[in-house]
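Notes for the one structure printed next.
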Amino acid sequence: MDCQPVIPPSLLIDSLVGRGVNIAISVPCSFLKSLLAAIDADLRITHICAASEAEAVGIAAGAWLVGRRPILLMQNSGFFECLNSIASLLFPLSAPLLLIVSGRGAFGIRDEPHHAVVGRHFERFAEILGLPFCVLSSNPADLSETLDILDSGMEEVSRPGILAVPEATFLDPEGSPDSPRIPWGSRGSDSSERYLPRSGDCGFEQELASRISVVRLLSKTAVEESIIIATTGFTGRELYSCGDRSRYLYLAGSMGCASAVGLGIALFSSAPVIVLDGDGAALMRLGNFATIAMQRPPRFLHVLFNNGSYESTGGQFSAGRFVSFCGVAHACGYSQAVRTCNEARIDELIRNVNMGPGSSPTLVEIPVRMASGAKLPRPAVSMTEQGARLRNLF
């Protein structure tokens with residue numbers, strides 16, 4: 001295969017923008033460095049660098065749900081890392097998003113040993129998953145036809161498609177941005193509400209809140225236009241039991257992605273966003289905290305229920321009871337990080353989510369007790385239907 005560097009990154013970018021793409025979410029790869037630099041310099045595209053591939057999938061899903069057309073960029077090792085998020089989030093939502101994936105160890109090109117297995121089976125796994133797959137040719141004349149084939153295939157199966165990029169495909173960009181899109185130091189401020197452990201804080205040795213009572217309070221207090229994203233497990237079932245609404249999204253699977261989906265919605269819509277998270281899910285994707293703080297989404301409330309367990313899988317012990325999630329949020333740069341069991345304080349924070357970016361993003365960590373969800377109804381609305389009704393609002 002001819003892999004000579006003959007494609008200017010701007011050519012691909014212009015083609016994508018012409019097809020409605022205006023958001024790129026990436027996890028870096030050296031094969032894509034020229035393309036990523038060109039995207040970062042192009043003001044037509046909002047470029048978000050995610051902490052992990054699964055987080056990138058979540059952010060892209062959120063942006064797609066509010067009517068945008070994002071693309072994802074990653075290496076094929078990262079594609080394997082986020083297979084669960086693709087299968088349990090993008091598949092049920094029927095989201096035809098384009099993934100630009102570098103072919104490390106693929107196409108007969110030698111690479112580092114740890115890329116060999118992934119590269120050898122890259123295309124085969126895409127075929128198994130039923131994902132449209134095209135290799136980016138080194139001939140610029142083939143680009144439009146390749147993108148047409150992918151667009152047609154993705155629309156036909158309502159699934160993501162892969163544009164595979166061999167090594168040394170792109171020319172170096174003519175210039176690079178003078179500074180990062182988001183300058184270092186823009187996160188957080190000295191006026192943030194700092195979290196410091198105090199003897200009066202709620203802890204696992206003290207009286208704990210009832211999660212479902214807080215969920216009921218939240219569903220009652222949140223303004224009508226709020227979008228609420230519930231993490232997988234009992235939390236989503238509790239929200240559904242409070243009365244189904246078109247602005248609710250109950251994630252099934254894609255554990256740890258709720259806050260990323262909420263971020264994508266908050267960044268690219270004017271709606272207030274409330275994320276209902278759990279300690280186990282948050283631990284799985286702690287990098288989400290850093291991306292949320294760096295992006296500073298307006299009107300974003302991150303509610304984290306901490307019962308120190310994986311309750312919906314049988315109550316197995318988690319490390320959540322030993323972690324200061326408020327400390328993590330503050331260190332990452334959240335505007336506020338509050339740990340409380342007080343319903344009046346929780347009610348105040350829910351109401352404040354509508355106040356705008358001055359208090360956003362806010363984390364409220366709520367220590368809660370274990371409560372069996374065996375009698376909770378499962379959402380009768382499929383994720384495909386949930387996604388469609390949410391997209392119809394935008």
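Reckoned from all heavy atoms, side chains included, excluding hydrogens, waters and symmetry mates. Bear in mind the structure is a predicted one, so any value in this text is a computation, not a measurement.
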(message) Has D40 got a side-chain atom pairing as donor or acceptor with L36's backbone, closer than 3.5 angstrom?
(response) no

(request) Find out whether I292 and C332 are in side-chain contact, i.e. whether some heavy atom of one side chain is under 4.5 Å from a heavy atom of the other. (result) no

(request) Using a 4.5 Å cut-off on heavy atoms from C-beta on, say whether the side chain of E311 contacts that of R211. (result) yes

(request) Run the numbers on I228 and R245 for side chain to side chain contact (heavy atoms under 4.5 Å, CB included), then give the verdict. (result) CA-CA 9 Å; I228 302 179; R245 298 181 188 177; 5.9 Å; no

(request) Using atom types as modelled and distance alone, determine if a side-chain donor or acceptor of R299 lies under 3.5 Å from a backbone N or O of S270. (result) yes

Only pairs under 3.5 Å count here: list side-chain donor-acceptor contacts from residues 249-268, not counting sequence neighbours, and write none if there are none.
{"unit_1": "Y250", "atom_1": "OH", "unit_2": "D244", "atom_2": "OD1", "d": "2.6"}
{"unit_1": "S259", "atom_1": "OG", "unit_2": "N288", "atom_2": "ND2", "d": "3.0"}

(message) How close do I45 and I39 get, counting heavy atoms only, and between which atoms?
(response) CG2-CG2, 3.9 Å

(message) Using the rule that Ile, Leu, Val, Met, Phe, Trp and Tyr join whenever any side-chain heavy atoms are under 4.5 Å apart, tell me whether I366 and Y310 fall into a single cluster.
(response) no

(message) How close do E225 and P272 get, counting heavy atoms only, and between which atoms?
(response) CG-CD, 3.6 Å

(message) Whether D347 and K220 form a salt bridge (side-chain N of Lys/Arg under 4.0 Å from carboxylate O of Asp/Glu) is what I want to check.
(response) no

(message) So, taking the atom named CG in L376 and the one named CD in E238, what distance separates them when rounded to the nearest 0.5 Å?
(response) 5.5 Å

(message) Between E145 and I149, is there a side-chain heavy-atom distance shorter than 4.5 Å?
(response) yes

(request) Give a yes or no on whether the backbone of F325 and the side-chain of R339 come within a donor-acceptor separation of less than 3.5 Å. (result) no

(message) To the closest 0.5 Å, what do you measure between CD1 (I7) and CG (L12)?
(response) 7.5 Å

(request) Could you check if a side-chain atom of Y334 sits within less than 4.5 angstrom of a side-chain atom of T362, using non-hydrogen atoms only? (result) no

(message) Nearest 0.5 angstrom please: D42 CG to D14 CG, how far?
(response) 7.0 Å

(message) Ignoring hydrogens, what is the shortest heavy-atom contact between R389 and S246? Give both atom names and the distance.
(response) NE-CA, 3.5 Å

(request) Would you check if the side chain of S102 reaches a backbone N or O of R104 as a donor-acceptor pair within less than 3.5 Å? (result) no

(request) Would you mind reporting whether K33 and F170 have side-chain heavy atoms less than 4.5 Å apart? (result) no

(request) Mind listing the closest non-hydrogen atom pair of A50 and V27 along with its distance? (result) O-CG2, 3.9 Å

(message) Let me confirm one number: the CG-CG distance from L147 to D142, rounded to the nearest 0.5 Å.
(response) 11.0 Å

(message) Walk me through whether R237 and S312 qualify under side chain to side chain contact (heavy atoms under 4.5 Å, CB included).
(response) CA-CA 10 Å; R237 292 165 66 178; S312 64; over 6 Å; no

(message) Would you compute the distance between atom CG of D277 and atom CZ of F305 and round it to the nearest 0.5 angstrom?
(response) 10.0 Å

(request) Mark yes when over 12 heavy atoms from residues, nucleotides or ligands other than R391 sit less than 6.0 Å from its CZ; otherwise mark no. (result) yes

(message) Could you measure the distance from the CZ atom of F234 to the OG atom of S241? Nearest 0.5 Å is fine.
(response) 12.0 Å

(message) A side-chain contact here means heavy atoms from C-beta on lying under 4.5 Å apart; do T46 and N22 qualify?
(response) no

(request) Taking atom types as modelled, find out whether S309 and N307 have a side-chain donor-acceptor pair closer than 3.5 angstrom. (result) yes

(request) Search all heavy atoms of F394 against all heavy atoms of S269 and return the closest pair with its distance. (result) CE2-CB, 3.6 Å

(request) Determine whether more than 12 heavy atoms belonging to other residues, nucleotides or ligands lie under 6.0 Å from atom CD of Q316. (result) yes

(request) Name all pairs fulfilling the salt bridge (charged side-chain N to carboxylate O under 4.0 Å, His left out) condition that reach into residues 88-100, sequence neighbours left out, sorted by first residue then second. (result) none

(request) Check the pair F79 / I86 against side chain to side chain contact (heavy atoms under 4.5 Å, CB included), numbers first and verdict last. (result) CA-CA 9 Å; F79 167 74; I86 292 172; 3.8 Å; yes

(message) Please say yes or no: joined through hydrophobic side-chain contacts below 4.5 Å, possibly via intermediate residues, are M284 and V323 part of one cluster?
(response) no

(message) Does atom CZ (F125) have a neighbourhood of more than 12 heavy atoms from anything else shown, all under 6.0 Å?
(response) no

(message) Measuring only between side-chain heavy atoms, which start at C-beta, is L276 closer than 4.5 Å to V303?
(response) yes

(message) I'd like to check F31 versus Q75 (side-chain heavy atoms, cut-off strictly below 4.5 Å). Are they in contact?
(response) no

(request) If the plane angle is over 60° it's perpendicular, under 30° parallel, otherwise tilted; pick one for F289 and H302. (result) tilted

Let me check something: any side-chain donor-acceptor pairs from residues 150-164 under 3.5 Å, sequence neighbours excluded? List them with distances.
{"unit_1": "D151", "atom_1": "OD1", "unit_2": "R69", "atom_2": "NH2", "d": "2.6"}
{"unit_1": "D151", "atom_1": "OD2", "unit_2": "R19", "atom_2": "NH1", "d": "2.7"}
{"unit_1": "R159", "atom_1": "NH1", "unit_2": "L129", "atom_2": "O", "d": "2.7"}

(request) Group every Ile, Leu, Val, Met, Phe, Trp and Tyr by side-chain heavy-atom contacts under 4.5 Å, then state whether F133 and L83 land in the same group. (result) yes

(message) For residues L393 and L65: do they belong to one hydrophobic cluster (side chain heavy atoms under 4.5 Å, members Ile, Leu, Val, Met, Phe, Trp, Tyr)?
(response) yes

(request) Mark yes or no for whether R369, through its side chain, and L208, through its backbone, hold a donor-acceptor pair below 3.5 Å. (result) yes

(message) Can you see whether N352 engages S359 through a side-chain donor-acceptor pair at a distance of less than 3.5 angstrom?
(response) no

(message) If we count only N and O atoms by modelled type, under 3.5 Å, do the side chains of S382 and E385 hold a donor and an acceptor together?
(response) yes

(request) Establish whether V381 and I227 are linked, either directly or via other cluster members, by ILVMFWY side-chain heavy-atom contacts under 4.5 Å. (result) no

(message) Tell me if a side-chain donor or acceptor on E365 pairs with a main-chain N or O of A337 at a distance below 3.5 Å.
(response) no

(message) Strictly below 4.0 Å, N to O, side chains only: are R351 and E348 in salt-bridge contact?
(response) no

(message) Please check this pair: side chain of S360 against backbone of F300, looking for a donor-acceptor N/O pair closer than 3.5 Å.
(response) yes

(request) Before giving the answer on side chain to side chain contact (heavy atoms under 4.5 Å, CB included), spell out for I13 and R44 the whole-Å C-alpha distance, their side-chain angles and the decisive distance to 0.1 Å. (result) CA-CA 9 Å; I13 293 172; R44 296 173 297 176; 3.8 Å; yes

(message) How close do G320 and L283 get, counting heavy atoms only, and between which atoms?
(response) N-CD1, 3.7 Å

